[in-house]
Number of protein chains: 2
Amino acid sequence: MIDVAQRADVALSTVSYALNGTRAISDGTRRRILQAMEELGYRPNALARGLASKRTNILALLFPTPERGLGVTEMEFATGAADAARERGYHLILSPSELRNVHDLEQLTGQGLIDGAIVMEVRLDDERVELLAQAGIPFSMIGRPREPGSISYADIDFEQTTRDAIAHLAGLGHRCVGFLNHSPSAFSVGYGPTVRAADGFRHAASGAGLVHVERLCDDNAPAGRAAFHELRAGSPELTGLVVMNERAVVGVIDALDEIGWTVPDDFSLVSIVSSTQVTEMMRPKLTTFEPPSAELGRLGVQMLFDQLDAEGDDPPPPTQELLPCRLVVGGSSGPPPRRS
Amino acid sequence: MIDVAQRADVALSTVSYALNGTRAISDGTRRRILQAMEELGYRPNALARGLASKRTNILALLFPTPERGLGVTEMEFATGAADAARERGYHLILSPSELRNVHDLEQLTGQGLIDGAIVMEVRLDDERVELLAQAGIPFSMIGRPREPGSISYADIDFEQTTRDAIAHLAGLGHRCVGFLNHSPSAFSVGYGPTVRAADGFRHAASGAGLVHVERLCDDNAPAGRAAFHELRAGSPELTGLVVMNERAVVGVIDALDEIGWTVPDDFSLVSIVSSTQVTEMMRPKLTTFEPPSAELGRLGVQMLFDQLDAEGDDPPPPTQELLPCRLVVGGSSGPPPRRS
DNA sequence: CTGTTAGCGCCTTCAT
DNA sequence: ATGAAGGCGCTAACAG
């Protein structure tokens, strides 16, 4: 940097100002500096800059790795976030911080490495959220805890999505529907989507005057298969099922096949919060409510930027957005059969 | 840190040494220091440390985002890498550096932010590889260019995998098989897997004395469907197909369905380099050669560590590993039909 | 085994 | 509009 200054015949500090536009610089001077930088192949050192300015231009994406690896859907958050960050010249640290390791999180934030964080896979009661709030480090969430307070978040509107799913089935004429949710363990740890979708479904189905049943289900095909059989045993009049479980839905299809039922003639299936990248692999292609994953990721970092940009000024009002899932009609939903 | 020193009644530097074990410290002293740190809730600042030591403990994962988003398989590299990095106390920056933006890459490396990089989705001729080599920054690859030279890499053994796939089909009695590859564009830009698998297939099929045909295919179901029909039109005696295209294989199943063929009775399908997370969603479950994705990711960072650890000493011999895919027998492959 | 003391490369307040 | 100078928090010689 000192070389650049000499070559451009200005003071060291002037170069600095030219770099981060913190103060007005005459046009000629600026050009000389830029040229000198160019010629010398100068690159500002991110660490030094961060050390001095307290701004690292690094964000962390906190995503706890679920038991069986992340699904397609979760990944789209990440890439959306990474893209948005890069567009603003920020780096994104992928931090597989397990929820259990609150210690790891403390370490990460304590290092002064990151300007802020985006928290994924939020639970209704999430230690990470509290910890970040106390640590005073800016962050936003993809998902939300029970009490978001004034923290910015972007989440799927589960209430709306389940209502839409119910409306879709009810519109086709179904009168008795079921809901296949995520795993019991997801529910018991208070994983947001699991709990909210369950509430939403119940509410929407009642509201629409439908008979309804629901069930939690481990995230794999055999569990899905078993779950379907049980549901049907308990409610023989079931004609349609809403599923929020990408891994289990295949098992449901297997089960239908076993009893000789055809989709959608004998039974309707609607997948929710499931990427089309997955539902299009099934046969028949599933009718699905596709989550705006990449957009949520982008929103997450955008909200974080809003906070970072306003640092020093009074804190901006938090942005809290719920996005609906988009209906993609497939070949798995149709009018209910007329069973005797 | 100065506070810690005072509290422990030692010099500033002693605290530093205690922290990074650069030199022997008496046991009592160390304990006092550790305790003082604890009591003061002291956390070393990563930036300052990096600035002074030239070691940031940050790695970058370079993955160009393919046109249609990353698949499950690619993501497993990333999480494997992130895990391995974290285990050693390193951070992993997710860098969606487009290949085209060699400029972005220069920026990243020039910033002095990263100790090294792991390059994903390597092409036979890859600008990034050359750039990193010239820039003198340590890196390893998941995949490999045409001339890996003495750069460390971990890649899938495509030769072996295609040979295994052929052996599987030949062992079942097939005499005429086809290969459905990735897209023409992937091939034309010299994407490693596409080229190597094509060569491998051809070689293995000839070696086994099988009649064989092959075809490139865009990464979507309709393309897969069309491709199958064309292959069959050209080679009516085809009884089995090896597919390295997660997105297209569904289309093949559709096509088979259209002509009334059952899998595996009328036709055999073998997916290669495809995660079971995907193939288990298909019906029938696909026989697949599953790539050791997470392991490749781990290996990638491990190799990088080997280099970083040896910095200063003479460079260690590069590690270059080819891992086979693991056969997971599904319900899509069986003996060929006896057609008249 | 422990202290002392220069920097690492940049930002930023204070003068000019 | 531009210069000069004191840190940011830590590491790593150099001395005991």
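Chain letters run A, B, ... following the sequence lines, proteins first, then strands; residues in each count from 1.
Positionally, the nearest nucleotide of DNA chain C for B:S13 lies more toward the 5' end than for the other of A:L51 and B:S13. Mapping B:A48 and A:T22 onto DNA chain C via the closest heavy atom, the residue that lands nearer the 5' end is B:A48.
Between the side chain of B:Y17 and the base of D:dA12 there is at least one donor-acceptor pair of N/O atoms closer than 3.5 Å. Between the side chain of B:T14 and the base of C:dT2 there is no donor-acceptor pair of N/O atoms closer than 3.5 Å.
Rounded to an integer number of Å, the gap from B:M1 CE to D:dC10 P is 6 Å. Between the CD atom of B:Q6 and the C1' atom of C:dT2 there is a distance of 16 Å, rounded to whole Å. B:R55 places its CZ atom 13 Å from the P atom of D:dT11, with the value rounded to the nearest Å. Between B:I2 atom CD1 and D:dG7 atom P there is a gap of 12 Å when expressed in whole angstrom units. Straight-line distance from the CZ atom of A:R23 to the P atom of D:dT2: 9 Å, rounded to whole Å. Taking atom CG on A:L12 and atom P on C:dC8, their separation rounds to 13 Å, with Å as the unit. We find that CD of B:Q111 is positioned 11 Å from P of C:dC10, with the value rounded to whole Å.
OP1 or OP2 of C:dG9 has at least one side-chain nitrogen or oxygen of B:K54 nearer than 4.0 Å. Between B:R49 and the phosphate of D:dG9, there is no side-chain N or O to OP1/OP2 separation shorter than 4.0 Å. Contact check, B:N20 against D:dC10: no side-chain N or O comes under 4.0 Å of OP1 or OP2. Distances shown here put a side-chain N or O of B:S16 below 4.0 Å from the OP1 or OP2 atom of D:dT11.
Residues of residues 26-35 of chain A having a heavy atom closer than 4.0 Å to DNA chain D, listed by number: A:S26, A:T29.
Judged by distance alone, the side chains of A:E39 and A:Q35 do bring a donor and an acceptor atom under 3.5 Å apart.
Nucleic acid contact for B:V15: none, since no nucleic acid atom lies under 4.0 Å from a heavy atom of the residue. Residue contacts shown for A:L47 are absent, as no nucleic acid heavy atom lies under 4.0 Å away. Within 4.0 Å of A:I25, counting heavy atoms only, lie sugar-phosphate atoms of the nucleic acid but no base atom.
The only option from B:V119, B:I118, B:I93 that meets the side-chain contact (heavy atoms from CB on, under 4.5 Å) definition with B:L61 turns out to be B:I118.
In this view, B:R23 and B:Y17 satisfy the side-chain contact (heavy atoms from CB on, under 4.5 Å) rule, not counting sequence neighbours.
A donor-acceptor pair under 3.5 Å is absent between the side-chain atoms of A:T319 and the main chain of A:S152, judged by distance alone. Judged by distance alone, with hydrogens and angles left aside, the side-chain atoms of A:D115 form a donor-acceptor pair with the main-chain N or O of A:T56 at under 3.5 Å. Counting only distance, with no hydrogens or angles, the side chain of B:R123 and the backbone of B:G190 share no donor-acceptor pair below 3.5 Å.
Contact annotation: the side chain of A:R144 never approaches that of A:Q320 to less than 4.5 Å [non-hydrogen atoms, C-beta and beyond]. Residues B:L308 and B:R55 are in side-chain contact: their nearest non-hydrogen atoms beyond the backbone lie under 4.5 Å apart.
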